[in-house]
Amino acid sequence: MTTIAIAVAIAAGAGYWFAQVQHAATPAAPLGAANATAAAAPAAPAAAAEGERKILYYRNPMGLPDTSPVPKKDSMGMDYIPVYADDKPDDSGTVVVSPARIQTLGVKTAAVELRAVDSAVRASGRIEIDERTQVVVAPRFEGWIERLHVNAVGDPVKKGQPLFTAYSPELQSTGEELRIAERLARQSATEDPVASESARRLAEATRARLRNLEVAGQAGARQVFRAPVSGVVLEKEAIQGGRFMPGEALFRIADLSKVWIIADVYEQDLARVQPGQRAQVTLEAYPGRSFEARVGYLYPTLDAATRSTRVRLELDNAEGLLRPGMFAQVALAAGDPAPKAVVPSSAIIDDGERRVVLIALGEGRFRPQPVKLGARGRDVVEVLEGVAAGDRVVVSANFLIDSESQLKAALSNLVEPGAGDQARASPTRYETQGTFDALDAETGSVTMTHGEIPALQWPAMTMDFKLADPALVKDIAPGSAVRFVFEAGEPGEYIVTGIEPIASSAAAPAAAGHAGH
């Protein structure tokens with residue numbers, strides 16, 4: 001009597017969490033036999049025939065905290081589910097999945113490889129002119145443009161090439177002044193040394209003024225302005241016949257044989273970026289082609305809105321393909337090129353508290369394995385501990401298998417019933433297929449039509465489920481065939497924790513559901 005009382009007490013607190021997957025293959029005892037068992041309840045544990053499974057109690061099929069020592073039905077006419085004494089998985093958490101179910105779930109595996117992790121720092125940027133190669137042509141005197149030799153923006157020019165010819169009365173008078181001073185200095189050199197010295201000083205001052213006007217050697221009224229560097233005309237204010245004032249920029253020329261890329265690197269990646277670092281640049285204009293660049297400078301400020309810092313990269317543009325204003329994608333080389341054990345990113349199951357992979361053991365067996373992760377690449381993740389090269393891990397439908405492995409681990413932590421003990425376990429998870437009918441955003445619930453679920457002894461029906469996270473169904477349209485995982489919450493409440501669309505042909509209305517194990 002004491003044993004049954006303890007069992008019933010444990011069942012009332014924790015029996016709700018025992019999920020058995022074997023009862024579907026074992027017919028429930030006939031009602032008469034059940035009554036007989038109930039009549040002999042005090043002696044039932046000792047009276048079980050050799051080779052028969054020992055029934056501890058019967059639990060509510062809808063997960064309500066209601067148990068019974070004898071078979072019974074709930075208000076919907078569904079049979080209570082027997083809980084057996086041996087309904088306890090092994091401690092390894094290994095999950096066994098039938099070949100047919102593996103095919104239905106679309107389970108795929110991949111081998112753990114040894115290879116370098118592409119952990120490059122990636123950023124977006126734009127091509128800009130190298131500011132150090134820009135020059136402007138701005139006369140230092142007033143004048144008029146008599147003739148334009150380069151008259152269009154975008155024209156390439158060579159260093160020393162004529163740009164325009166200008167006429168200036170100021171230059172004309174200054175040149176004449178220089179000639180008079182030089183003549184007086186020569187004529188009075190023998191007759192009046194003092195006058196000659198004054199004339200010489202005047203001539204020297206006039207030459208200095210012409211040098212300051214940057215027309216030394218051209219003392220005439222008309223001056224030819226030439227390109228100071230080779231490059232491309234970016235701006236042209238000069239118009240033939242037009243007047244210009246001192247300091248007015250008439251041409252802006254830039255050498256585009258080298259250009260900059262100004263990229264925005266996020267704050268968390270700054271420690272991996274250094275001046276001189278190599279980078280690969282790709283542009284939408286030239287698919288399939290990359291250009292090599294180097295980090296020239298990290299700007300000293302951080303944009304508080306985007307949490308990023310500007311980085312300047314320098315690259316050659318000998319072909320002239322790179323045009324200022326183009327958008328560019330930058331991959332900064334970072335990380336160790338040595339081979340490391342890596343798995344595809346999709347193999348990692350990360351719920352915020354743990355990171356595991358599912359190792360395929362063969363013959364439909366899968367084992368969850370905690371892992372310690374390292375660098376992340378574009379499509380792979382380095383695994384520091386937990387797996388070795390050659391191991392095969394699940395890369396598709398792994399969250400469904402993981403839901404069963406979690407159930408195994410939860411049940412394996414249950415203590416044996418005893419005086420004063422209170423058995424605890426994580427909620428049982430169930431997986432099934434069906435149709436996503438509707439979403440009620442206000443209550444955070446969904447209406448689902450599913451097939452039979454033998455683990456709960458549920459027939460095919462339409463019912464409401466709570467959503468663990470509304471984002472689970474944001475990309476799924478009502479009426480879609482889905483595969484989903486749910487668990488029991490409050491009494492009579494079931495919560496969808498994972499859902500994914502499947503091909504319509506894979507979702508039969510009577511698809512069987514399975515308890516996680």
Side-chain angles (χ1 to χ4, degrees), residues 110 113-134 153-154 156 230-234 253-348 373-383 395 475:
E113 299 179 333
L114 284 176
R115 74 182 207 189
V117 179
D118 176 17
S119 56
V121 176
R122 303 185 183 281
S124 297
R126 59 204 171 276
I127 295 177
E128 295 189 0
I129 298 169
D130 185 341
E131 296 175 0
R132 297 168 298 193
T133 67
Q134 294 188 74
V153 172
S230 296
V232 175
V233 176
L234 301 180
I253 302 170
D255 181 3
L256 299 181
S257 62
K258 291 182 180 293
V259 294
W260 287 352
I261 292 181
I262 304 300
D264 299 309
V265 174
Y266 288 111
E267 184 177 7
Q268 64 266 26
D269 294 326
L270 286 178
R272 298 195 288 157
V273 180
Q274 301 294 332
Q277 193 170 351
R278 296 175 57 188
Q280 293 297 317
V281 178
T282 56
L283 301 98
E284 291 186 1
Y286 308 106
R289 182 170 180 178
S290 64
F291 302 83
E292 185 171 327
R294 287 187 180 274
V295 176
Y297 183 66
L298 276 73
Y299 287 81
T301 58
L302 181 80
D303 188 323
T306 61
R307 309 307 303 172
S308 64
T309 288
R310 294 194 305 161
V311 175
R312 187 177 74 208
L313 299 99
E314 302 170 2
L315 66 163
D316 292 331
N317 185 30
E319 299 178 70
L321 300 177
L322 308 177
R323 293 169 168 78
M326 282 182 169
F327 284 104
Q329 297 298 322
V330 178
L332 294 160
D336 185 357
K340 299 177 177 62
V342 298
V343 299
S345 301
S346 59
I348 304 299
L373 304 182
R376 290 184 178 269
R378 297 191 66 178
D379 52 2
V380 296
V381 181
E382 177 189 2
V383 180
V395 298
D475 296 325

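Basis for what follows: all heavy atoms, side chains included, without hydrogens, waters or symmetry-related copies.
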_I need the minimum non-hydrogen distance between Ala263 and Leu313, along with the two atoms involved._
CB-CD1, 4.0 Å
*Using the test salt bridge (Lys or Arg N to Asp or Glu O under 4.0 Å), find all partners of Arg289 that sit at least two apart in sequence or belong to another chain.*
Glu319
*Please name all residues satisfying side chain to side chain donor-acceptor pair (under 3.5 Å) with Thr282, sequence neighbours left out, ordered by chain then number.*
none
_Considering all heavy atoms, the nearest Pro275-Gly296 contact_ = CB-O, 4.5 Å
*Would you give the length of the straight line joining atom CG of Leu332 to atom CZ of Arg294, rounded to the nearest 0.5 angstrom?*
12.0 Å
_Closest non-hydrogen atom pair between Val380 and Ser345, with its separation_ = N-OG, 3.5 Å
*Kindly write out the residues that satisfy side chain to side chain donor-acceptor pair (under 3.5 Å) with Ser124, not counting sequence neighbours, or none if the list is empty.*
Gln329
_Testing the basics here: between Leu322 and Asp316, what is the closest heavy-atom pair and its distance to 0.1 Å?_
CD1-O, 3.9 Å
_With sequence neighbours excluded, residues passing side chain to side chain donor-acceptor pair (under 3.5 Å) with Glu131_ = none
_Set of side-chain contact (heavy atoms from CB on, under 4.5 Å) partners for Glu284, sequence neighbours left out_ = none
_Taking every non-hydrogen atom, the tightest pair across Leu234 and Gln134_ = CD1-OE1, 4.5 Å
_Run Asp264 and Arg126 through side-chain contact (heavy atoms from CB on, under 4.5 Å) and show every step you take._
CA-CA 9 Å; Asp264 299 309; Arg126 59 204 171 276; 4.0 Å; yes
*Can you name the residues that form a side-chain contact (heavy atoms from CB on, under 4.5 Å) with Val383, not counting sequence neighbours?*
Val343, Val371, Leu373, Val387
*Write out all pairs satisfying salt bridge (charged side-chain N to carboxylate O under 4.0 Å, His left out) with one or both partners inside residues 320-331, taking only residues at least two apart or from two chains.*
none
*Is the side chain of Arg122 donor-acceptor paired with the backbone N or O of Ala331 at a distance under 3.5 Å, no angle test?*
no
*Go through the structure and list residues passing side chain to side chain donor-acceptor pair (under 3.5 Å) with Gln274, not counting sequence neighbours.*
none
*Could I get the full list of salt bridge (Lys or Arg N to Asp or Glu O under 4.0 Å) partners for Arg310, not counting sequence neighbours?*
none
When the side chains of residues 298-307 are checked against the rest of the protein, which donor-acceptor pairs come out under 3.5 Å, sequence neighbours left out?
from   : atom 1 : to     : atom 2 : distance (Å)
Asp303 : OD1    : Ala305 : N      : 2.8
Asp303 : OD1    : Thr306 : N      : 3.4
Thr306 : OG1    : Ser308 : OG     : 2.7
Arg307 : NE     : Glu267 : OE1    : 3.2
Arg307 : NH2    : Glu267 : OE1    : 3.1
Arg307 : NH2    : Glu267 : OE2    : 3.4

*Report the distance from atom CD1 of Ile127 to atom CG of Leu321, rounding to the nearest 0.5 Å.*
9.5 Å
_Gap between atom CD of Gln280 and atom CD of Glu292 - 0.5 Å precision_ = 5.5 Å
*asked:* Listing request: all ring pair (Phe, Tyr, Trp, His ring centres under 6.0 Å) pairs with a residue in residues 260-294, at least two apart in sequence or in separate chains.
replied: none
*Please identify each residue that fulfils side-chain contact (heavy atoms from CB on, under 4.5 Å) with Asp255, with sequence neighbours left out.*
Thr133, Ser257
_Nearest-0.5 Å distance, NZ of residue Lys258 to CG of residue Asn317_ = 10.0 Å
*Could you give the distance from CG (Asp269) to OG1 (Thr309), rounded to the nearest 0.5 Å?*
10.5 Å
*asked:* Tell me the closest heavy-atom pair linking Ser346 and Val395, and the distance in Å.
replied: OG-O, 3.2 Å
